[in-house]
Enquirer: 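One structure, pasted below without further comment.
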Amino acid sequence: MVNLLRKDFLVMKKSLWLVLFYIIIFLILLAGQRENMFLVGVYGAFILLMLNTGNDIKNNNHRFLIHLPISRKNLITAKYISGLIYLCFGTVVSYLIQLSVSMYEGKEIQLLAFTQPVLSFGLIVVLFSIYLPVFYLLSEKGVQIINIVFMILLIAIHILTNIVRFAATKYQTFQSMESLVLCLIVAGSVVIASISYLLTVRLFSRRDL
């Protein structure tokens, strides 16, 4: 398990410069859209996951690893733990961007303002929870199509957040129940990730490689 995590960590280490490049690009593209800046962390985390799974395909890691004395369940567990690390990375990036924007605009810095980081957390979990089962189901057969679909989905998320924000501002529902909504997002994310993990283990265990 530790060696599997070390492998993913090395991939992350080698790809970090590329992820930072994308983060800068996303910061430029979202400049002037203060409310959407947290999406930079979402995009950064998801790109890390795509690079990780892409490396597995490139090096035929699945075909190699299943012939070692490692259960398929452990392979999935290691990938989800790596995803958790990427999740933390994306959430921290969103939080730091939120603080940086507040400093730049001369506003009071609220260290305990977790709205955007929690939204980032929830979105990353949902994306990961959908992507990983589909990836392990199709793998090299459809990885390019999967990546294209999810890149389109990332663009759709940007549009969706604007719609949700407009509705929340208009009806003042989110502001009055913000704490409850954020708690539900975290709890729902844990449930979704757990279901995704169990589904991925089942799919990969039945797959013929």
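All residue numbers refer to positions in the sequence shown, counting from 1. Computed from a predicted structure; not experimentally measured.
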Enquirer: Would a 4.5 Å heavy-atom cut-off, applied to side chains only, mark Lys79 and Asn52 as touching?
Expert: yes
Enquirer: For a 4.5 angstrom cut-off between non-hydrogen side-chain atoms, does Phe46 reach Phe150?
Expert: yes
Enquirer: Looking only at heavy atoms, which two atoms of Val125 and Ala193 are closest? And how far apart?
Expert: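 Closest approach of Val125 to Ala193, heavy atoms only: CG1-CB, 4.0 Å.
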Enquirer: Please name all residues satisfying side chain to side chain contact (heavy atoms under 4.5 Å, CB included) with Ile24, sequence neighbours left out, ordered by chain then number.
Expert: Ile28
Enquirer: Just to verify, what does Tyr131 make a side-chain hydrogen bond (donor to acceptor under 3.5 Å, both in side chains) with, not counting sequence neighbours?
Expert: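 Expected list: Thr53, Asn147.
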Enquirer: Can you check whether Val201 reaches Thr77 side chain to side chain, under 4.5 Å on heavy atoms?
Expert: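 No - every pair of side-chain heavy atoms lies 4.5 Å or more apart.
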Enquirer: Can you tell if the side chain of Val40 reaches within under 4.5 Å of the side chain of Tyr22, non-hydrogen atoms only?
Expert: no
Enquirer: Give the C-alpha distance, both sets of side-chain angles, the deciding distance and a yes or no for side-chain contact (heavy atoms from CB on, under 4.5 Å) between Leu123 and Leu39.
Expert: CA-CA 9 Å; Leu123 283 172; Leu39 290 175; 3.8 Å; yes
Enquirer: Are Ile148 and Leu137 connected, step by step, through hydrophobic side chains (Ile, Leu, Val, Met, Phe, Trp, Tyr) whose heavy atoms are closer than 4.5 Å?
Expert: no
Enquirer: Rounded to the nearest 0.5 Å, what separation is found between the CG atom of Leu20 and the CD1 atom of Ile25?
Expert: 12.0 Å
Enquirer: Does the side chain of Lys73 come within less than 4.5 Å of Tyr197's, by heavy atoms?
Expert: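 A side-chain contact exists here, since the closest heavy-atom pair is under 4.5 Å.
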Enquirer: To the nearest 0.5 Å, what is the distance between CD1 on Ile130 and CD1 on Ile192?
Expert: 8.0 Å
Enquirer: Sequence neighbours excluded, which residues qualify as side chain to side chain contact (heavy atoms under 4.5 Å, CB included) partners of Ile195?
Expert: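 For Ile195 the side chain to side chain contact (heavy atoms under 4.5 Å, CB included) partners, ignoring immediate neighbours, are Val191.
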Enquirer: Report the residues that fulfil side chain to side chain contact (heavy atoms under 4.5 Å, CB included) with Leu199, sequence neighbours left out, ordered by chain and then residue number.
Expert: Pro133, Leu203
Enquirer: If you measure from SG on Cys88 to CZ on Phe121, what distance do you get to the nearest 0.5 Å?
Expert: 8.0 Å
Enquirer: Please check if Ile85 and Val190 belong to a single hydrophobic cluster, counting links between Ile, Leu, Val, Met, Phe, Trp and Tyr side chain heavy atoms closer than 4.5 Å.
Expert: no
Enquirer: With sequence neighbours excluded, give me every side chain to side chain donor-acceptor pair (under 3.5 Å) pair touching residues 118-129.
Expert: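 Applying side chain to side chain donor-acceptor pair (under 3.5 Å) to every pair that reaches into residues 118-129, excluding sequence neighbours, yields Ser94-Ser120.
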Enquirer: Are the side chains of Leu49 and Leu127 in touch, meaning some heavy atoms are under 4.5 Å apart?
Expert: no
Enquirer: Of all heavy-atom pairs between Ala45 and Ile124, which one has the smallest distance, and what is that distance?
Expert: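 Here Ala45 and Ile124 meet closest at CB-CD1, 3.8 Å.
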Enquirer: Linking Ile, Leu, Val, Met, Phe, Trp and Tyr by side-chain heavy atoms under 4.5 Å, what else ends up with Leu96?
Expert: Val92
Enquirer: For side-chain contact (heavy atoms from CB on, under 4.5 Å), just list the numbers for Leu27 and Ile97, CA-CA rounded to whole Å, side-chain angles, deciding distance to a tenth of an Å, and then say yes or no.
Expert: CA-CA 9 Å; Leu27 281 172; Ile97 289 175; 3.8 Å; yes
Enquirer: Suppose we screen for side chain to side chain contact (heavy atoms under 4.5 Å, CB included). Which residues come up paired with Val19, at least two apart in sequence or across chains?
Expert: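 Residues passing side chain to side chain contact (heavy atoms under 4.5 Å, CB included) with Val19: Ile23, Ile47, Leu48, Leu51, Phe89.
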Enquirer: Is there any side chain to side chain donor-acceptor pair (under 3.5 Å) pair reaching into residues 181-196, and which pairs are they, with sequence neighbours excluded?
Expert: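 Non-adjacent pairs meeting side chain to side chain donor-acceptor pair (under 3.5 Å): Tyr80-Ser196.
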Enquirer: Roughly how far, to the nearest 0.5 Å, is CE of Met50 from OH of Tyr43?
Expert: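 Reported value, rounded in 0.5 Å steps: 13.0 Å.
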